[in-house]
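These notes concern the structure reproduced below.
Letters A, B, ... mirror the listed sequences (proteins, then strands); counts begin at 1. As the structure is a computational prediction, the values presented were derived from the model and not from experiment.
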2 protein chains.
Amino acid sequence: MSTSAAEQDGQRDAAAAGVQSVDRALTILEVLARNGEAGVTEVAAELGVHKSTAFRLVATLEAHRLVEQTEDRGKYRLGVGVLRLAGATAARLDVVQEARPVCRQLAAATGETVNITVLSDSSALYLDQVAGTSALQPHNWVGQHIPLHATSNGKVLLSGLDPDALDRLLPKLPSYTPQTITRKAELRAELEQVRDQGYAVAVDELEVGLTAMAAPIRNAGGDVVASISVSGPTFRIEQRTEEIVRLLKEAALEVSLRLGWGHRQVTTPQ
Amino acid sequence: MSTSAAEQDGQRDAAAAGVQSVDRALTILEVLARNGEAGVTEVAAELGVHKSTAFRLVATLEAHRLVEQTEDRGKYRLGVGVLRLAGATAARLDVVQEARPVCRQLAAATGETVNITVLSDSSALYLDQVAGTSALQPHNWVGQHIPLHATSNGKVLLSGLDPDALDRLLPKLPSYTPQTITRKAELRAELEQVRDQGYAVAVDELEVGLTAMAAPIRNAGGDVVASISVSGPTFRIEQRTEEIVRLLKEAALEVSLRLGWGHRQVTTPQ
DNA sequence: GCGGTCGTTGCGTATGCCGCAACCGATTGC
DNA sequence: GCAATCGGTTGCGGCATACGCAACGACCGC
């Protein structure tokens, strides 16, 4: 808490973080995640600490392979250690564990990219991705937070919540393309339809030319705990919607069954 | 330094880590990645520090969402923050970029041409090539689409797919030389062998006089995302297969590690 | 070549972390 | 039902340790 006269950015929630040096080190990771690359001086300025302090912290992170420097004398960026940790994290989540073989098969059957998402912090957190056979990885979404109202996964996740949670999670509905749903009433109607038909569609709503379809994954209690989606270029998807929806719903059901859904009386009120 | 009477595992490289508390915190992440879950007491024992120290560190990690505690009785495990960081890392991950220095070294060590390929549209797409030291140079394959069943790279890429994808991708197996595999059953057996031994060989199967060997490159999820190969005139390769295979597998492993392939035993409770 | 910037390193100091011990809630044994 | 145990959590004081300072070498651009 020294130099309480930190004039630059007062909005940093510096307090309430137990160990100062660790907190600073982890903040460095977040800075690197945000900026992609950063030098020691830049990091030091962002933390409001001395250059040498930032360097020691970065060096410690580097010793654990969490960051790496681009060249001998260069900037720093996130390292492979992060990916190892992420692999262990994903392996721990039983949703991912159970869903992975199903995702593989779904990706093979449709030829498109398959994703698993969960609700996290008012957005859709992408947990896993299996690339389709068509081509190179279009985009790796894993770890990204994506708006709920502009994606098929998001709609599915929202459809599992009680209606008033909608206002709490999504006070506003920003627009990304002309197709993005921006009116609450329209979104509510859409979610109602998702609940009815058991899947969601998003055509050009997040990105023009990108279409995705998603279905809910339920746990033993019947709650929607995750969402599984198939996505690809609109022109490839739109001609095969029925087939993909069928495969998608089968896959979602399969994962739900593995998680224990349907094995006991479901007590969801109508 | 606390009393390093931690008798269990002496191999901890305690020294040479700049900031002590940060080093300990990051070690906690690694412990959690390895064990899946751990309590404060367990973590403290593993680090050789006091319970309270471990708790502060874990609490700081928790404030950054890198760990989270299970609701019931307060064990800790890796959190979603790790996935966010991984998303930022994966965004810049490029197979070619990560593989290039390794390819260079492999080309120098073997003196032969090294290639990187991925699966694309039912064939092997050559992404990168590093020429060997020999004067006798093959042509540049980069950008070419090459049949999957007649190349070592193709076999490796196929070996990462589920069996029924084979029929979809390769309805027919055209012949290029007398050595080309043209029967599905034979190809299946060959792929099985590739999976077992971790590399593939193709001798005179695409072009008479051309031999290639390839090994799989895997991403964090364990999928085969690319293939790396060493190729050259049959007469030069055939006498050094064991050496080349060893170097090749080392190189493939190195690239896989850079892409996050660090697979760990997960001791999830049954 | 010269000023500016960046990553890196030795050093002294007081800052912030660590170990101690006690607390609390839950679970177990008798 | 009570005591004993175990595991996570918290106040406190001493002292190790992480920090800021300043200087260095390397690089870049004017």
Exercise. Using 4.0 Å as the upper bound for N to carboxylate O, is an ion pair formed by A/D162 and A/R168?
Worked result: no
Exercise. Is the shortest heavy-atom distance from the side chain of A/L253 to the side chain of A/W261 under 4.5 Å?
Worked result: yes
Exercise. Roughly how far, to the nearest 0.5 Å, is the CG atom of A/L57 from the CZ atom of A/F55?
Worked result: 10.5 Å
Exercise. How many angstroms lie between CD in A/E30 and CZ in B/R84, if you round to the nearest 0.5 Å?
Worked result: 8.0 Å
For this session: Rounded to 10°, tell me the angle between the two end axes of the helix from C/dC2-D/dG29 to C/dC30-D/dG1, each built from five pairs.
Result: 40°
For this session: Decide yes or no on side-chain contact (heavy atoms from CB on, under 4.5 Å) for B/N35 and B/E46, but give the supporting numbers first.
Result: CA-CA 11 Å; B/N35 296 2; B/E46 194 118 14; 4.0 Å; yes
Exercise. Between C/dC6, C/dC17, D/dG20, which one does the side chain of A/T41 approach most closely?
Worked result: C/dC6
Atom [atom1] of [X] to atom [atom2] of [N]: distance rounded to whole Å?
X	N	atom1	atom2	value
B/L57	D/dA18	CG	P	11 Å
B/R24	D/dT17	CZ	C1'	10 Å
A/L61	D/dA18	CG	P	14 Å
B/I28	D/dG8	CD1	C1'	14 Å
A/Q20	C/dC17	CD	C1'	10 Å
B/K75	D/dC6	NZ	P	15 Å

Distances for protein N or O near nucleotides 9-14 of chain D N or O, under 3.5 Å:
from   : atom 1 : to    : atom 2 : distance (Å)
D/dT9  : OP2    : B/Y76 : OH     : 2.7
D/dG11 : O6     : B/R56 : NH2    : 3.2

For this session: Identify, with sequence neighbours excluded, every residue that meets side-chain contact (heavy atoms from CB on, under 4.5 Å) alongside A/S175.
Result: A/T180, A/T182
Exercise. Would B/S229 and B/N153 count as having a side-chain donor-acceptor pair, cut-off 3.5 Å?
Worked result: yes
Problem set entry | Verdict with reasoning, B/D128 to B/R104, per salt bridge (charged side-chain N to carboxylate O under 4.0 Å, His left out) | CA-CA 11 Å; B/D128 197 14; B/R104 264 191 243 274; over 6 Å; no
